Amino acid sequence: MASTRTIVTACPRNCYSTCGMRVTVEGGRLVRVEAHPDNRATPEAVCLKGLSYVERVYAKDRVLHPLRRTAAGSFERIAWDDALDLVAGRLRGFRVEPQSVLFYSASGTKGLMNDVATSFWRLYGGCTTTYGDLCWPAGLEATRLTLGANEHNSPWDLANARLIVFWGKNAAETNVHQMAFVQQALDRGAEVVVIDPRRTETAERAALHVRPRPGTDGAIALAVAHRLVERGWIDEVFVREHVHGFEAFRESVRGRTPAWAAAIAGVPQVQVERLAELLGTVGPATINAGFGIQRYTNSGQTLRAMIALLALTGNVGRPGAGWVFANLRSHVFHPVRDPIAFYPPEKPDGVFRVSISTALLGPQMLATADPPLRMAWVERGSPIPQNPETPTVLRAFRALDFRVVVEEFLTDTAREADVVLPAKSMFEQTDVIDAYWHDYLQLKEKAIEPPGEVKPESEVYRLLAERLGFPPEAIARELPGPSDAEVLAFLEAKLRAVDPALTLDRLREGPVRAAGASDVAFASLRFPTPSGKIELLSEEAARRWGVDPLPAWREPVEWTEAGSRFPLQLLTPNTKNRIHSQFGNLPSIRALDPEPVVHIAAEDAARRGLRPGDRARVFNGRGELRLRVRIDHGQRPGVVVVHNGWWLADGGAVNVLSKARETDLGFGAAFHESLVEVEKA
Amino acid sequence: VSSVPPAFVQDLSTCVGCHACVVACAVENGTAPGVFWRQVVTFNEDRHPALPVFHLSLACHHCLDAPCERHCPALAIGRDVRSGAVLVDGERCIGCRYCSWVCPYDAPRFDEAQGVMGKCTLCHHRLLEDGKPACVSSCPTSALKLGPLDGDGPRGVPGFPDAGIRPAIRFLPLRGRVPDPAAEAAAVAAGAIVPESGLAPAPKVSLRSEWTLFVFTSLVIGLVAWLLGSLAGGPAVRPWPFLGLGSASLAVSTLHLGRKKRAWRAALGWRRSWLSREIVATLAFLALAAAHVPVAPARPAGALALAAGFAALFCMDRVYAVVARDKRARLDDVAAVTSALFVAGVASALPWLAVPAGLVRLAGFVERLRLRQAVPGLGAWTLAVARVGMGLIVPPGFMLASGSTGLPLALAAAAMGEILDRAHFYGSLEVTTPRNRMASDVAARRLD
């Protein structure tokens, strides 16, 4: 009988839940993934993706050895020595101008071991990197400007809420563990409101479901504020003590009536009024904002308006109440917390050229000069289908002389590489990860040896550093050696620097809450803003971003540029089946979700002569997708939905339709406001 | 020692349709990629405004009156005494897939690689360690649990066929989930609630998938008709073609099996399985016919062979009569028997036999057409016209003409009509599954 071991680990994907896990290894092979019961946010079970790791690790199409592009355009297997010699040779050539190399990493795998990359590139002499983020900067910045920090109540505290508003968040698919706490709240008599153009699984629990035109949520929030003021549903003591700029805000929403918002958002006025009544009379209230809703050119201001509603009603700093966007309590390892870390440095270090906005990756890669980009190193991401304006990103990558992609699978981006290096799976090297919904630090312990010839990235960097002749003492200091013991020592040092009591042994027992964690954020009602209060009026917002210092609503940029030509608004939400472009290639996931489709409301389909199962062109001036049609009777007419995460190779990469633009706040990507047309293919 | 299984208990309010149970089952049981023993079936996937959306998480319910166990011809399905689970024995299964036809829950799944059926085992290997099935322990919202068996199974739950077989499952009903009344009124007024035929689930059984069974049953029906016709004065049985076709029918029937070398096991279940009895009776028919035919008209032996043949056809009809079906034409329950009588009546030019049998066949065909939900396309209309024309109009016309060329032509037309009918029968054999039941229940707005 083969030996059986149980290992404590955690899922490093870019996902709210960041599940604590216990995995079973039999005879060196991963056989079972279960939830770690000590993570109170995810105690019961992991999701279908977490379960599918057993398939993912041993997938037939996993990249298990280095690959080199051949003259004919296909890939051939090469030995590690050859791959390293080839890459080191090119790096040696580009080192004359190190900033001609783009280092691009995304959110594919969390962990402290990723820091090794930065150390490598610093020793290399620098490189060009990106700032901003595809995910969440507008919301982080809106929150930081208003509340002073990105923190929120514990996930399980949601059970104490009497009113739960999901504003553009479909937790049932993107944060399934939150639904357990929603159900607890419902069983205690809470009411759920969902504001989403789609009738999502989460909306099934809603007493009120508002389906606004995408991009108009800010108008609704301002009108709700108007109504709260008008009806006296304001917590006056709280506002007087803890809110900065109330009078100015009250004046600014004077004309923002429910009728005004209803006309903009295309929703019944009574729904706006009902939302205000619920927020004004039922508490404690929590607003959960999704990430998709803050990927518009007006979305930072939109989220500021949404937070204002909680400030007006005193729903901050107490159990069951608050603003749930991102909880960065566990982000303790880096000196500067997000989102500041996403900004281009005020004082460039001359080593890293942090000059490309992630939101504008394609256009700015092409425009970069002095020196222009000649090589890219990509890891933990697949920017070609996932960044805005896929065709431009593709063109930018093809314009380079040399591309290295570190990947587990031949993604759209890996297929463009000159050299593909096999990436470790989450089970093949120990690491420590943080989270952004709960506040646990978790160990991601090595459970199995890397299969095939897979080498963890830290080892690859070390081997390249040796080939490039970096000073041995610098290598020894900055880049951990390949043995498990050296990796553990590297991590122990990182932990010790943050908290002497935090050790790997402690983490082996189970998830550990970050220092200072509490179940109620801002319980002291002291806010780390310039005024020390919740700032409805933010001078910094105006100074840094050039927006109105008060939350305000304006039309998304795309409406004014292309509105008359393309009548439908494209939503590209995530599904339970993938984390962005990950997992969709696995046979089990594919069996459940076999092909990309376009969901369209019945009346929009009828107007275009589309029937279920037809093939349709979804297009705008930037590109097109050819997809099978599904009718969705719960979707807002005028909105079409194609799920995010399909690859170009699947014919479903949604960013062929999106535009590279930044959000109003925080250098986010405003790639959710695309307008399209649909016609029979 | 109890052989009563625990019941799956699913809370319809708490389940969000996340499919963790489905994938957990696949991983735990190592099913082939894309083969799932558990399924999540969604009510109102197209989100009609007036109806709620909810999900059933279904696998095998280890029914107390399990039809898969009763109807397995190879004695490969039985109840585990310790856990109460109904289990498929992969060493005995012949891969005939009949269990998946008699199960209204679509629980047994065919494993192409192994050539045998597999299905939920209640994770009895985990249960016996005092654990929970993988699906239950992998539910992020604790919506799926295991509880004591209570009652005879759910009634009136959309998408959950109530076949009276005492499935070990319970549903906790939806709590406080009322669709927006305004939306409901608007939707009803706008006539938005219509079946989405374009995305209706594909039928589980089709002529393409079951062509071997179509060939086998058609040949056996034809041979029985030939023997009867010959004994009644029609064209004489010619030994070699007769026996050649008989052997061919058996050979084709084994092509249907996932494990052809185990074909002999199909005879073992004769005590309770109509499929097994069909095989046994068919073998007896062919054996007796083989003994009778070469020595020509030995009447007693011929009658014995004929009796075995009709027994085989009777069993054949029973095989399809017990398949889980929502829309079953009653007269199809005698399809094989009457088909043989009709063809034999035409062959032996006996109107008193051919006409009543033919009328029963016509009535059965019309009944089947009427039950079909989908609007028939051009192909279906052509088939219907051909079938009626060939099978009924033409033969009497030829019989009236009754010349020496008339009879063979009439016989050919009758046979062709019956073959078309048989093909149509397989093409419209809508085996009940929770998925297609769900679609029709949404279409019917049947809500409890």
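First the proteins, then the strands, lettered A, B, ... as listed; each starts at 1. Computed from a predicted structure; not experimentally measured.
The part of Asp187(A) that comes within reach of chain B is its side chain, from C-beta onward, which places non-hydrogen atoms under 4.5 angstrom from that chain. Neither the backbone nor the side chain of Val40(B) comes within less than 4.5 Å of any heavy atom of chain A. Of the two parts of Cys18(B), the backbone and the side chain both hold a non-hydrogen atom closer than 4.5 Å to a non-hydrogen atom of chain A. Neither the backbone nor the side chain of Ala35(A) comes within less than 4.5 Å of any heavy atom of chain B. Only the backbone of Thr200(A) comes within contact range of chain B, with at least one heavy atom under 4.5 Å from a heavy atom of that chain. Contact annotation for Val182(A): neither backbone nor side-chain heavy atoms come within less than 4.5 Å of a heavy atom of chain B. With a 4.5 Å cut-off on non-hydrogen atoms, Val176(A) touches chain B through its backbone and its side chain both. With a 4.5 Å cut-off on non-hydrogen atoms, Gln39(B) does not touch chain A at all.
In this structure, His177(A) contributes its side chain and Ala45(A) its backbone to a donor-acceptor pair below 3.5 Å.
Figure legend: cation-pi geometry between Lys119(B) and Tyr105(B) absent, as NZ or CZ is not positioned both under 6.0 Å from the six-membered ring centre and within 45° of its axis. Figure legend: cation-pi geometry between Arg56(A) and Phe583(A), with NZ or CZ positioned under 6.0 Å from the six-membered ring centre and within 45° of its axis. Both the sub-6.0 Å distance and the 45° axial angle are not jointly satisfied by Arg109(B) relative to the ring of Phe36(B). Cation-pi geometry between Arg97(B) and Phe110(B) is satisfied (NZ or CZ under 6.0 Å from the ring centre, within 45° of the ring normal).
Here Ser138(B) is the residue among Ser138(B), Gly34(B), Pro33(B) with the most heavy-atom pairs under 4.5 Å with chain A. Per-residue counts of heavy-atom pairs under 4.5 Å with chain B were compared for Asp614(A), Leu592(A), Leu186(A); the largest is that of Leu592(A).
Salt bridge annotation for Glu277(A)-Arg274(A): present, with a cationic side-chain nitrogen under 4.0 angstrom from a carboxylate oxygen.
In summary, the side chains of Gln178(A) and Lys169(A) do present a donor paired with an acceptor at a separation below 3.5 Å, with no hydrogens or angles considered.
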